[in-house]
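I have placed the structure first, in the form of structure tokens, so that the comments after it can refer back to it.
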Amino acid sequence: MLNLARLAWRPAACRPSAHGARRSFASAGVPLSRFVGAQTPYTHECSFYYPHVHDLPAAMPVFRLMDDEGVAVAGGVLPDLDEPTCVRMMETMVSVNEFDKVFFDAQRQGRLSFYFTNRGEEACAVGSCAALKLEDWIWPQYRELGAIFWRGYTYEEAANQCCHNELDMTKGRQLPMHIGSPEKYSMYVKSNLGQQVPAANGAAYFQKLLGKERCAITYFGEGCASEGDIPSALNIAAVHGCPTIFFCRNNGYAISTHTDDQYKSDGIAPRGVAFGMPSIRVDGNDIFAVYAATARAREIAVREGKPTMIEAMSYRINSHSTSDDDSKYRRSESPEAGYDSERDYWEARSPIVRFGKHLIAKGWWSAQREDDLRKVLRKRAITALNDAEKIPQPHPKHLYTDVFDTIPWHLELQQATLKDHLTRYRKHYPDVSDEHINSL
Amino acid sequence: MLRPQARRAIGRVSLSRRLSSQVPATAKMTMFAAINDAMRVALATDPRAVVFGEDVAFGGVFRCTMGLLEEFGKERVLNMPINEQGLVGFGIGMAAVGGTAIAEVQFADYIFPAMDQICNEAAKFRYRSGGEFDVGGLTIRAPANAVGHGGHYHSQSPEAYFAHTPGLKVVYPRDAITAKGLLLACIRDRNPCIFFEPKVLYRSSVQEVPTGDFMLPLGKAEVLTEGSDITLVAWGAQVHVMLKAAARAAEEGISVECIDLATILPWDMHTIRDSVRKTGRLVVTHEAPLTAGFGAEICATIQTHCFDSLEAPIARVCGADTPFPLALEKLYLPDELKVYDAIKQAVSY
């Protein structure tokens, strides 16, 4: 029998508060992070927890090198990055942001079927990819535009993919922002969740088998971590020593689902330790911390032949995609006084703002420079979009190509049937050109 | 145990002898030994090939991977944790970056946790990247079909699920020789392949199997017996039921053309079409449940292409639309007598 009186008797401190309290771990004098996904103390040490070596704390701390104002924290060792590299990291984050703005608006204008932005999470993709070598395979989820931009993927290529025109390398087969590139060692984004994670193991293991000092990085969100593919992959990676970097972007929301409804664990990072791999939690809005943790993870992968788990704490500033209205589910209250909303609080701490402050203090950046850059990028994004829209749609034959390496008889037959149909009902298909029908 | 170099040298000798004399060298093998031999050839001829699955290190529960770890090393013959989605995903990743991934799923009945990896990833990998990437180097082996005492979860024939997903090749051998030839062809084919091994034949099928490098073409049905009155189509273990039923009918003077489909997808429509245009009658038989089984696809397509030639309704003799039973397995299965009866009804229509 449930004893209600006994429940009511519990001291106030033990009662869960509205949200967040169950993952708050106050310790005297140490400021707690306020991330949606975990509120744990900060640390300036880039230390991975090794299974069977380190005691796992009740709450894994958040590694950061810059505070909310972009000031280097005492005792932290900043990565040895020169001015051109830091400026390029900043420029790449800004280029993601400007591309997002133009293409998000284009979707709202009915020019694209779909879009999702990277706002607030630019440092996760750019900072991690900057710490890798080009030939390290990327197995993305979908909010990692910065990773492939870092490797030189262009606005024009992305625009062609978003407009699924005949220059889109995927022949118009996937939703906008489902990008990839063999030259950039980046697998294609796809809409389903988590399947890329076990696959990253196979790619990573194969590099090791060939004796190459290469690894694979795979990205996923804290919501995606609930998919069965993630624990499946963590276990196999640890058992077989796959040089895989499991990079979890914990941005607080999975579409509408708050982390409170996603897990009761101390976030995702301890799961890496549980499966037997060195793991760390980082401030995903601190590009230096992301870079330093990934550089260390890469070293562990190629020198120690081990997988690692990085949980990057961040905040998804925009809606999940153009298909949801975040005002219906986003929590409103700021975690600290002085801000109008949760979103405002995190906007002020977003990676571009923080890194910008840091670089300005160093004399490597300025508000004017950022303003000028944004104007140039915006113009380029608009031009890329306008140009991409004018390019014809893929030839209808690409309905049937690439299913197999060669087209089997049954697809040839279906193609011939379609051609016959289009020929006879030509006027009902105004979007298909005569030239395309005749050459089908 | 022979060293890998020595093994490879032997493989080359037998191959060159075969080429010089035009008479293939053979050795007596069970089906599991023939499958083992195919994987040995694959590992020996392709340094990028890796074999992995649950219990494969000690030789596999059906002994198909015996000796491979000792010969090729633990880096290329990997035991996997019990996790089908994880191990198939591993194979996809390896194949995507140029590896030859040979995965074993311990029973076809246990392939379903990997369904998403197979149908949403492997099958679409080439298409969704516009041909920029592919996982053609992936082959998934899985023991299928009834075994006499397997019950729900050691008996199923799930080929139709995979045939319904564009981008996969689905293949069924019927004996030791076809197991070796088709498996090696799957491993080297540039599309992801699912290779269903009729587990009842692992030890019972014993043949003189070509040694060394030996492949059979995919997508090609085989006419096993020529006939003029009726065409029968089957695959996997059911081929042997079909042949017995045909022999029984032949005793009554019925001339039956028996065809082993061998590749479920892309299936060899032309061979069946030509046969039915000649015989005017068709019976398709498979162990999997009747409704939406691959037989339905064959019947519908042949009806379209052979309408003017048909002398009788096309018939299907299949498993019941029930979960696979245990005590009543004999009644569930499309046995020799049920197939024989369908032949009789078709010729007397």
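Please read these numbers as outputs of a predicted model, since none were measured by experiment. Computed over heavy atoms, backbone and side chain alike; hydrogens, waters and symmetry mates excluded. Chain A is the first sequence line, chain B the second, and so forth, proteins listed ahead of strands; every chain is numbered from 1.
The contact between A:Pro408 and chain B is made entirely by side chain atoms (from C-beta outward), counting heavy-atom distances below 4.5 Å. Interface remark: A:Leu399 contributes backbone and side-chain atoms alike to the contact with chain B (heavy atom separation under 4.5 Å). Using a 4.5 Å cut-off between heavy atoms, A:Tyr205 contacts chain B through its side chain alone, with no backbone atom that close. Contact of B:Leu265 with chain A is made through the side chain alone, with heavy-atom distances under 4.5 Å. Heavy-atom distances place no part of A:Leu411 under 4.5 Å from chain B, backbone and side chain included. Heavy atoms of A:Lys190 lying under 4.5 Å from chain B belong exclusively to its side chain. With a 4.5 Å cut-off on non-hydrogen atoms, B:Asp134 does not touch chain A at all. With a 4.5 angstrom heavy-atom cutoff, A:Gln195 touches chain B via backbone and side-chain atoms both. Using a 4.5 Å cut-off between heavy atoms, B:Phe125 touches chain A through its side chain atoms alone.
Checked for salt-bridge contact, A:Glu135 and A:Lys133 miss the test: no charged N lies under 4.0 Å from a carboxylate O. Salt-bridge annotation for A:Lys171 and A:Glu166: absent, with no side-chain N of the basic residue lying under 4.0 Å from a carboxylate O of the acidic one.
Heavy-atom pairs under 4.5 Å with chain A were tallied for B:Lys124, B:Gln117, B:Arg190; the largest tally goes to B:Gln117. Ranking B:Glu121, B:Lys169, B:Lys74 against chain A, the residue ahead of the rest is B:Glu121, based on heavy-atom pairs under 4.5 Å. Most heavy-atom pairs under 4.5 Å with chain A, from the set B:Glu132, B:Arg48, B:Glu84, B:Glu75: that is B:Glu132. Of the listed residues (B:Val88, B:Asn79, B:Thr301), the greatest number of heavy-atom pairs within a distance under 4.5 Å of chain A belongs to B:Asn79. Residue with the most contacts toward chain B among A:Gln207, A:His410, A:His398, A:Met187: A:Met187 (heavy-atom pairs, distance under 4.5 Å). The candidate with the highest count of non-hydrogen atom pairs below 4.5 Å against chain A, out of B:Asp268, B:Leu87, B:Asp116, is B:Asp116. Listed options A:Asn201, A:Asp229, A:Val239, A:Asn192 were ranked by heavy-atom pairs under 4.5 angstrom with chain B; first place goes to A:Asp229. Residue with the most contacts toward chain A among B:Phe90, B:Phe133, B:Tyr127: B:Tyr127 (heavy-atom pairs, distance under 4.5 Å).
Below 30°, between 30° and 60°, or above 60°: for A:Phe114 and A:His178 the angle between ring planes is above 60°, a perpendicular geometry. Ring geometry for A:Tyr142 versus A:Phe116: interplanar angle of 30 to 60°, hence tilted.
Counting heavy atoms from C-beta outward, B:Met115 and B:Ile118 have side chains that stay 4.5 Å or more apart.
When each of A:Cys129, A:Ser128, A:Ser181 is checked for a side chain to side chain contact (heavy atoms under 4.5 Å, CB included) with A:Ile138, only A:Cys129 meets the rule.
With no hydrogens or angles considered, a side-chain donor-acceptor pair links A:Asn165 and A:Asn160 at under 3.5 Å.
By the ring pair (Phe, Tyr, Trp, His ring centres under 6.0 Å) test, A:Tyr153 is found to be paired with no residue, residues two or more places apart in sequence or in another chain being considered.
Surrounding OH of B:Tyr161 are at most 12 heavy atoms belonging to other residues, nucleotides or ligands under 6.0 Å away. Within 6.0 Å of atom NE2 in B:His270, more than 12 heavy atoms from other residues, nucleotides or ligands are found, so the atom counts as buried in its surroundings.
A distance-only check finds no donor-acceptor pair linking the side chain of A:Gln161 to the backbone of A:Thr170 [under 3.5 Å].
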